[in-house]
**Q** 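Let me give you the structure first, and then I'll get to my questions.
Worth knowing before you read on, the calculation uses all heavy atoms, side chains too, and leaves out hydrogens, waters and symmetry mates. The shown structure was predicted, so the numbers you read here are calculated from the model rather than taken from an experiment. Heads up: numbering here begins at 1 and tracks the sequence.
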Amino acid sequence: MQTISENKCFGGIQGVYSHASEACGCDMTFGLFLPEEAADQPVPVLWYLSGLTCTHENAMVKAGAQGWAAEAGIALVFPDTSPRGEAVANDEAYDLGQGAGFYVNATQDPWALNYQMWDYVTEELPAIVTANFAVDEERQAISGHSMGGHGALTMAMRLPGRFRSVSAFAPIAHPAQSDWGRKQFAAYLGSDETQWAAHDATLLMRRLGFDGPVLVDQGSKDQFIDLLKPEALAQAMMERRQNGQVRMQPGYDHSYFFVSTFMPDHIGFHAAALFA
């Protein structure tokens with residue numbers, strides 16, 4: 001692992017690190033915020049998964065999360081959204097290829113060689129973080145925005161016991177029935193739609209649910225709301241009587257202005273679960 005930068009931030013340290021990834025077959029970069037409590041003992045950790053076109057840097061710089069995490073005494077991990085490099089398969093479209101890994105393990109060429117983002121985020125990167133930094137692997141939570149909200153919800157439901165809470169900002173909630181999902185799943189996973197269900201938050205909510213609290217915020221003026229399909233997830237949560245909320249926030253769009261506005265709510269939500 002190589003240190004790219006470390007900066008004092010709200011009494012803690014905001015670092016950026018890179019490493020050779022076995023899962024993705026290339027160098028990967030991630031951000032990690034450690035509150036000052038980490039100097040003395042392991043601290044709970046909140047994973048934040050970013051959306052289409054993003055890198056580890058977007059939420060790290062724009063979400064305003066570090067101040068609230070420092071107040072709560074929580075670490076933040078900001079993974080990248082896809083493998084990267086000249087030898088890594090890509091596409092001219094912004095919603096496929098580099099920057100658009102969709103947090104799945106690709107099975108189709110040319111993507112399968114590098115696009116193993118599920119294994120990277122759920123196995124490889126957690127092992128690296130817990131081995132090298134003072135984070136408590138028993139107290140974890142997960143969140144994300146858009147494509148990252150999709151990833152956070154699916155990981156929380158498919159890995160019971162791993163995360164104490166899950167939240168999402170404008171998640172891609174029903175990708176198997178959306179152009180933000182069908183295109184990518186067909187490319188990465190193939191045409192057999194039964195293989196897509198494991199990566200659809202609405203379908204997973206109907207089948208599995210989550211063994212903790214859920215918080216979802218959606219802006220009413222989100223320019224992509226028809227692609228996100230929050231109503232499908234809300235209905236699935238109601239049918240399952242899932243412990244959680246889906247909140248429609250009047251006037252907000254899909255931007256990080258929206259995310260940063262409600263970040264204090266989400267950090268507080270996760271802190272309540274992590275310190276329970």
Side-chain angles (χ1 to χ4, degrees), residues 4-17 28-36 38 43-82 99-101 103 117 121 125 129 133 135 140-153 155-156 163 165-173 214-219 221-224 228 230 245-247 249 251-274:
I4 295 176
S5 63
E6 289 184 331
N7 298 94
K8 190 81 170 179
C9 181
F10 291 100
I13 298 293
Q14 175 61 65
V16 177
Y17 309 93
M28 296 292 286
T29 301
F30 67 96
L32 172 67
F33 171 74
L34 289 173
E36 58 184 339
V43 295
V45 58
L46 173 61
W47 294 79
Y48 183 95
L49 307 184
S50 290
L52 286 167
T53 75
C54 293
T55 69
H56 70 281
E57 192 174 35
N58 292 71
M60 189 181 81
V61 173
K62 297 178 180 180
Q66 291 91 338
W68 302 105
E71 187 174 306
I74 295 171
L76 301 169
V77 183
F78 304 100
D80 203 346
T81 56
S82 77
Y103 304 102
M117 288 300 294
V121 173
L125 187 55
V129 170
F133 302 97
V135 299
Q140 298 191 54
I142 192 165
S143 184
H145 173 227
S146 194
M147 180 184 72
H150 137 78
L153 290 165
M155 289 176 185
F163 302 106
S165 52
V166 59
S167 74
F169 301 86
I172 303 175
V214 178
L215 174 62
V216 176
D217 275 316
Q218 172 66 59
K221 296 295 187 181
D222 192 316
Q223 58 272 46
F224 305 113
L228 303 173
Q245 297 181 72
V246 177
R247 309 190 303 189
Q249 302 294 355
Y252 285 90
D253 60 16
H254 199 70
S255 70
Y256 267 91
F257 297 110
F258 158 65
V259 172
S260 61
T261 298
F262 297 101
M263 183 59 71
D265 288 2
H266 285 241
I267 297 289
F269 165 78
H270 291 295
L274 290 167

**Q** Identify the heavy atoms of A70 and P35 that sit nearest to each other, and give their distance.
**A** CA-CB, 4.2 Å
**Q** Is the shortest side-chain heavy-atom distance between T53 and N58 below 4.5 Å?
**A** no
**Q** To the nearest 0.5 Å, how far apart are NZ in K62 and SG in C54?
**A**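 If I round to the nearest 0.5 Å, the distance is 7.0 Å.
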**Q** Rounded to the nearest 0.5 Å, what separation is found between the OG1 atom of T81 and the CD atom of E57?
**A** 12.0 Å
**Q** List the atom of G149, the atom of A168, and the distance in Å for their closest heavy-atom pair.
**A**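 For G149 versus A168, the nearest heavy atoms are CA-CB, 3.9 Å.
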**Q** Restricting to side chain to side chain donor-acceptor pair (under 3.5 Å), what partner residues turn up for Y252, sequence neighbours left out?
**A**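 So Y252 forms no side chain to side chain donor-acceptor pair (under 3.5 Å) with any residue.
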**Q** Does the side-chain contact (heavy atoms from CB on, under 4.5 Å) test come out yes or no for V77 and V45, once each step is laid out?
**A** CA-CA 7 Å; V77 183; V45 58; 3.5 Å; yes
**Q** Evaluate the side-chain proximity of V259 to Y256: yes if any heavy-atom separation is below 4.5 Å, no if none is.
**A** yes
**Q** Rounded to the nearest 0.5 Å, what separates atom CG in L76 from atom CE in M60?
**A**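 L76 CG to M60 CE: 11.0 Å, rounded to 0.5 Å.
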**Q** Using the ring-ring contact (aromatic ring centres under 6.0 Å, His included) definition, which of the options F78, W47, Y48, Y17 pairs with F30?
**A**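 Among F78, W47, Y48, Y17, the one that satisfies the ring-ring contact (aromatic ring centres under 6.0 Å, His included) with F30 is Y17.
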**Q** Out of curiosity, H56 NE2 to D80 CG, how far, rounded to the nearest 0.5 Å?
**A** 7.0 Å
**Q** Measuring from atom CG of L215 to atom NE2 of H270, what distance do you get when rounded to the nearest 0.5 angstrom?
**A** 7.0 Å
**Q** Kindly give the heavy-atom pair with the smallest separation between L49 and A152, and that separation in Å.
**A**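 Taking L49 first and A152 second, the nearest heavy atoms are CD1-N, 3.6 Å.
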**Q** How far apart are the closest heavy atoms of S82 and G101, and which atoms are they?
**A**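 Shortest heavy-atom separation between S82 and G101 comes out as CB-N, 3.8 Å.
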**Q** Decide yes or no for V216 and P230: does some side-chain heavy atom of the first lie under 4.5 Å from some side-chain heavy atom of the second?
**A** no
**Q** For H145 and F169, take the angle between the two ring planes, folded into 0 to 90°, and tell me which bin it lands in: parallel under 30, tilted 30 to 60, perpendicular over 60.
**A**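 It falls in the perpendicular class, over 60°.
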**Q** Under 3.5 Å, is there a donor-acceptor pair between the D222 and H254 side chains?
**A** yes
**Q** If you define the side chain from C-beta out and look only at heavy atoms, does anything of I172 sit under 4.5 Å from S146?
**A**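 Yes, close enough: below the 4.5 Å cut-off.
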**Q** Within the 4.5 Å heavy-atom criterion, are I74 and F33 side-chain neighbours or not?
**A**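 They are not in contact (no side-chain heavy atoms under 4.5 Å apart), so the answer is no.
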**Q** So which heavy atom on L228 is nearest to which on P171, and how close?
**A**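 Shortest heavy-atom separation between L228 and P171 comes out as CB-O, 3.5 Å.
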**Q** Under 4.5 Å between any side-chain heavy atoms of I267 and L46, yes or no?
**A**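 A side-chain contact under 4.5 Å exists here.
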**Q** Taking atom types as modelled and ignoring hydrogens, do the side chains of D217 and H266 form a donor-acceptor contact shorter than 3.5 angstrom?
**A** yes
**Q** Nearest 0.5 Å please: distance from the CZ atom of F163 over to the CD1 atom of I142.
**A**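 Result: 4.0 Å between the selected atoms.
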**Q** In the structure I gave you, are the side-chain heavy atoms of N7 and V16 within less than 4.5 Å of one another anywhere?
**A**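 Result no, sub-4.5 Å side-chain heavy-atom pair not found.
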**Q** Side chains of R247 and D265, heavy atoms from C-beta outward: is any pair under 4.5 Å?
**A** yes
**Q** What pair of heavy atoms forms the shortest contact from V43 to A38, and how long is it?
**A**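 Smallest interatomic distance, heavy atoms only, reads CG1-N, 3.7 Å.
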